[in-house]
J.: 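After the structure tokens below, expect a handful of questions from me.
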Amino acid sequence: MNFVSNLNFAEIMVRYTIMMILGIIAGVTHQYWMIIVVMAVFMEAIMGFCPVKALFKRNSSKH
């Protein structure tokens, strides 16, 4: 699996928005375990790479 950026700018902005919403929810409700999820979304956004999207794109190109 190569880690070539597979997200466009709009998808990256959606990921940042999701990250901020989850981070605020985690902080307000004191659910600090959710930081792991927030960091996963942050890493997807900063790298511009979504492994789920890459997996589906790879499987769909075989047909």
J.: Please evaluate residues E11 and K53 with respect to the criterion side-chain contact (heavy atoms from CB on, under 4.5 Å), reporting the C-alpha separation (whole Å), side-chain torsions for both, the decisive distance (0.1 Å), and the verdict.
T.: CA-CA 11 Å; E11 291 171 330; K53 186 175 180 179; 2.9 Å; yes

J.: Quick one: list whatever passes side chain to side chain contact (heavy atoms under 4.5 Å, CB included) with T29, sequence neighbours left out.
T.: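 T29: side chain to side chain contact (heavy atoms under 4.5 Å, CB included) contacts with I25, Q31.
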
J.: Which pair of non-hydrogen atoms, one from L7 and one from C50, has the smallest distance, and what is that distance?
T.: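 Here L7 and C50 meet closest at CD2-CB, 3.8 Å.
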
J.: CE of M47: more than 12 outside heavy atoms within 6.0 angstrom?
T.: yes

J.: By the rule that ILVMFWY residues connect when side-chain heavy atoms come within less than 4.5 angstrom, directly or transitively, which residues belong alongside V28?
T.: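 When side chains under 4.5 Å apart are linked, the cluster holding V28 also contains I24.
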
J.: So which pairs with a foot in residues 21-36 pass salt bridge (charged side-chain N to carboxylate O under 4.0 Å, His left out), sequence neighbours left out?
T.: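 The answer is none; no pair qualifies.
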
J.: What do the steps show when you test N8 against I12 for side-chain contact (heavy atoms from CB on, under 4.5 Å), and what is the final call?
T.: CA-CA 6 Å; N8 60 28; I12 291 172; over 6 Å; no

J.: Does any non-hydrogen side-chain atom of F42 lie less than 4.5 Å from one of L22?
T.: no

J.: I'd like to know whether Y32 forms a side-chain contact (heavy atoms from CB on, under 4.5 Å) with H30, so could you lay out the CA-CA distance, the side-chain angles of the two residues, the decisive distance to 0.1 Å, and finally the verdict.
T.: CA-CA 6 Å; Y32 297 116; H30 301 285; 3.0 Å; yes

J.: What is the minimum heavy-atom distance between Y16 and I46, and which atoms define it?
T.: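 Distance-wise, the nearest heavy atoms are OH-CD1, 3.7 Å.
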
J.: What is the minimum heavy-atom distance between S5 and G48, and which atoms define it?
T.: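 Answer, listing the atom of S5 first, then G48: OG-O, 3.0 Å.
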
J.: Just grab all the salt bridge (charged side-chain N to carboxylate O under 4.0 Å, His left out) pairs involving residues 16-39, residues at least two apart or on different chains.
T.: none

J.: Is it possible for you to say whether V41 and I36 belong to one hydrophobic cluster, with membership spreading through side-chain heavy-atom contacts below 4.5 Å?
T.: no

J.: According to salt bridge (charged side-chain N to carboxylate O under 4.0 Å, His left out), does anything in residues 24-46 pair up with another residue at least two apart or in another chain? List the pairs.
T.: R15-E44

